[in-house]
Undergrad: 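Encoded as structure tokens, here's the structure I'll be asking about.
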Protein chains: 4
Amino acid sequence: MPDVNTEPEPAAKSGRTAPTDQGEKIFAAAVSIFAEHGYHKTSMDEIAEAAGISKPTLYAYLGSKAELYRMCMRRVTEALIEAISSVVSEDLPIEEQLWRGLNAFFSFVARFRDEWRVLYQQVVWQEGPAGDEAVATRRLLLDNVTELLGRAAVRQGNPLGTDELRGLSTALVGAAESLSEGLIDHPGQRPEDTSRQLMNLLWQGLGGLLHGEVWPGVSPAGT
Amino acid sequence: MPDVNTEPEPAAKSGRTAPTDQGEKIFAAAVSIFAEHGYHKTSMDEIAEAAGISKPTLYAYLGSKAELYRMCMRRVTEALIEAISSVVSEDLPIEEQLWRGLNAFFSFVARFRDEWRVLYQQVVWQEGPAGDEAVATRRLLLDNVTELLGRAAVRQGNPLGTDELRGLSTALVGAAESLSEGLIDHPGQRPEDTSRQLMNLLWQGLGGLLHGEVWPGVSPAGT
Amino acid sequence: MPDVNTEPEPAAKSGRTAPTDQGEKIFAAAVSIFAEHGYHKTSMDEIAEAAGISKPTLYAYLGSKAELYRMCMRRVTEALIEAISSVVSEDLPIEEQLWRGLNAFFSFVARFRDEWRVLYQQVVWQEGPAGDEAVATRRLLLDNVTELLGRAAVRQGNPLGTDELRGLSTALVGAAESLSEGLIDHPGQRPEDTSRQLMNLLWQGLGGLLHGEVWPGVSPAGT
Amino acid sequence: MPDVNTEPEPAAKSGRTAPTDQGEKIFAAAVSIFAEHGYHKTSMDEIAEAAGISKPTLYAYLGSKAELYRMCMRRVTEALIEAISSVVSEDLPIEEQLWRGLNAFFSFVARFRDEWRVLYQQVVWQEGPAGDEAVATRRLLLDNVTELLGRAAVRQGNPLGTDELRGLSTALVGAAESLSEGLIDHPGQRPEDTSRQLMNLLWQGLGGLLHGEVWPGVSPAGT
DNA sequence: TATGAATGAGAATTCATTCAT
DNA sequence: TATGAATGAATTCTCATTCAT
């Protein structure tokens, strides 16, 4: 979703927007409204209207409400993973990777609030096959983080078990998700501050933190 | 949770089923179904049927679907907080408090799966007054954890700022919530294992963990 | 319904109100609430509560909501007819009878607003047997007025046909009913003023009125 | 009333039923059923079925039951006022105006029974905004009559006070409404007869009538 | 007798989804 | 292709009425 907010060329050629734009308009509208009202309280009428098309057209493109939502999730997930991956190169020191990753994540949340909310909402979605897919979408993010940590562990010469790794990344993602709410609720808050909070916890652990140790990578007062 | 908060009615009169039983039946059914289908996909018909009563009776007891859900949340929250508070006494060493708290939490989740899911679902509920209450309910949990950490920090001689504390507890709760999903999905999994994973992360930090340090309270190989 | 507002002896004998009082309480409550909300928007719960009894007791007394309403109507109708009849004695001059009757009617309306509204509401009630009875109750009033006019006509030596009489009384009652709304809406308004307006119209006719003739019985400026 | 206000759609396109037809069908059905059962005992299901459409369609057109009823009232009121106004031209003698007006009114009632009943029912409607509108609708009729009488009074060189005028028209409308019931109940009855009855009362007054005087415009024996 | 508790039947309203054009 | 119009299927909530005690 690096395309979000992409205004399709200042001057639209003719009177008709290209077919692809249709799709973009739909997604933009859907994401915005899903984020605002949640899946269930969002009606297809709303989306159609916001997208400036008719409902039958909407259905022609996506087939069903659930499918549309899933598509939104998929796009957002991909964009988020891309946003993180692009700044976390394997050859950086592990701390640096972590720091950059967190920063990328919280920046994404702060910048694409609606997109993030669409993702966050589906945390608990339990409806048969549709839900499975939704869960799978979410797992994608987790897999990426797990892989990241796995590589890091190996590099530190201390390979962890699969379960161990999974647990760590699950915890990490959960912590990040939870903190993201603060960014959503207080638009003024700076993503770096949130990153640092989490980085401190992750790197020093509570044990260290309570003894006044913080992650040396950022000065407590620095930004 | 059927056992929590059940005041056994000072004197059970005669053979007539005590009115409270109805209430319990309703809550049991509601929690179970809300957990299964989520708030929106759950109909009052379903709950009434599961509770073995008629819909009007259901409404007589709880007033409205939203109210019923809120009541469920409130009960579960209280039970959860009670479960944690009862094992975390202030005079214990801070590590011990943390360990016991996590254990109590994950045990609760494992034991009262449905109850926990009801709570977890409301993560994203943004509808006027009903939503406000839902958010408040959730905040209660967070407040308790924050207070816990606050006391701990003070005891360690390193009082943290409000924001700092809030951030830590938010992260902690998020991590725990996230890990709880594993317990839900794999009923065989032992809560202690999950606790230990998180304890390790919390106490040693990722930094330590990756160097093979684990929380000394549990042996790395121990189950 | 001369009993309306009759507070059943300052000191209720024992702890239990006499059974008859039950009935009165019920009617008082019913009339008040029917008047306030109308038949359909009034619930039996409301009436029971206002009467200070339980719903089963309410049903024990009256059998059904429709029956209760009909009883209310019947009582009010009788009270109204009594109020009018008691001041219209046959041996008075016809004009005087008319004037007194109108005055009695509008005074009743002004004094027993709720009671009157119960009667007025059922103007259009068309539900099989229940409605028939309701219409019959209303007809009672009309019959009385018709009879009044009939006697008057005979005394004036100009007996009118049945249809003619019926038409006149129907018109008269309708006019009075319609004017009663003003009394209901403006509690300060004096019943005599309304009576005089109608008396002028009835006695002089529009033809006369428009030429400045008024019923000589009351001076235009007088009360 | 199906004929009133029907703008025949500038150009009926093809074989597709014009959308307006739906609207007409709905109104026809609604008026008929509201007249039959009254507002409260009428269900939207009934109306939808009678109109040969589905409930959602019904809602798409009118929004809500109350709104639908209000629309019906409005239409009927307008039609009635139009029916009367169209025959009462200001330059006619006052008697003639009155006579024609009454005739138009009773003819309307006789011809559009259901329509009239819809209007007559709302006499007592006291629920917030919906009720306000209902009362306003009724007042419209009253205002028109008041204005009529006002002009007449002025022309007769005897202008009446506002209250006086209002009282007269209120009485007149009430009398007419009341008499209309006879036309409803006895379909065979001729509107002119009812008009004449009321005209006699209005023009001669009871005083005159009882002395055998009748409005000279119609012969006493004439039908 | 009096009632706390329960309910069958129904009512308004909404929404994802699909024709006919 | 794109859509105005239509709907089947629910869903929340209410109320007159009745048992069991």
Undergrad: Would you say the side-chain atoms of C:Ser32 pair up with the backbone N or O of C:Ala28, donor to acceptor, closer than 3.5 Å?
TA: no
Undergrad: Considering heavy-atom distances to DNA chain F, does D:Ala60 or A:Ile53 have its closest nucleotide positioned more toward the 5' end?
TA: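 Its nearest nucleotide being more 5', the pick is A:Ile53.
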Undergrad: Against the six-membered ring of D:Phe34, is D:Arg117 placed for a cation-pi contact (under 6.0 Å from the centre, within 45° of the normal)?
TA: no
Undergrad: Compare all side-chain heavy atoms of C:Tyr69 with those of C:Met73 and state whether any distance is below 4.5 angstrom.
TA: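 Sidechains of C:Met73 and C:Tyr69: in contact.
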Undergrad: Distance check, rounded to the nearest 0.5 Å: D:Arg75 atom CZ versus D:Leu119 atom CG?
TA: 13.5 Å
Undergrad: Please state how far atom NE2 in D:His37 lies from atom C1' in E:dG10, giving the value in whole angstrom units.
TA: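 For the pair D:His37 NE2 and E:dG10 C1', the rounded distance is 15 Å.
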Undergrad: Can you list every pair that meets salt bridge (charged side-chain N to carboxylate O under 4.0 Å, His left out) and has a residue in residues 46-58 of chain C, with sequence neighbours left out?
TA: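 For residues 46-58 of chain C, and leaving out neighbouring residues, the salt bridge (charged side-chain N to carboxylate O under 4.0 Å, His left out) pairs sorted by first residue read C:Asp45-C:Lys55.
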Undergrad: Rounded to the nearest 0.5 Å, what separation is found between the OG1 atom of C:Thr42 and the CD atom of C:Glu36?
TA: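 Between C:Thr42 OG1 and C:Glu36 CD, I get 9.0 Å after rounding to 0.5 Å.
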Undergrad: Roughly, in whole Å, what's the span from CD in B:Glu49 to P in E:dG8?
TA: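 My rounded result for the distance is 12 Å.
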Undergrad: Could you run through nucleotides 12-18 of chain E and give me one letter per nucleotide, 5' to 3': B if any protein heavy atom sits under 4.0 Å from the base, S if only the sugar-phosphate is that close, - if neither?
TA: SBBBSBB
Undergrad: Would you check if B:Thr137 and B:Val76 make a side-chain contact, meaning some heavy-atom pair closer than 4.5 Å?
TA: no
Undergrad: Side-chain contact, heavy-atom cut-off 4.5 Å: D:Tyr39 with D:Lys65?
TA: yes
Undergrad: Taking Watson-Crick (N1-N3 plus N6-O4 or O6-N4) and G-U wobble (N1-O2, O6-N3), each under 3.5 Å, can you produce the dot-bracket string of DNA chain F? Use [ ] for crossing pairs and | for inter-strand ones.
TA: .||||||||||||||||||||
Undergrad: Does a nitrogen or oxygen in the side chain of B:Gln22 sit under 4.0 Å from OP1 or OP2 of E:dA5?
TA: no
Undergrad: Does D:Tyr61 have a side-chain nitrogen or oxygen under 4.0 Å from the phosphate oxygens OP1 or OP2 of F:dA6?
TA: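 Answer is yes, contact under 4.0 Å.
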Undergrad: Please confirm whether the shortest side-chain N or O distance from B:Thr57 to OP1 or OP2 of E:dT7 is below 4.0 Å.
TA: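 Yes.
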Undergrad: Within the pair C:Ser54 and E:dG4, is there a side-chain N or O less than 4.0 Å away from OP1 or OP2?
TA: no
Undergrad: Rounded to whole angstroms, how far apart are CG on D:Leu58 and C1' on F:dG8?
TA: 15 Å
Undergrad: Run the numbers on A:Arg138 and A:Thr77 for side-chain contact (heavy atoms from CB on, under 4.5 Å), then give the verdict.
TA: CA-CA 7 Å; A:Arg138 178 165 203 253; A:Thr77 304; over 6 Å; no
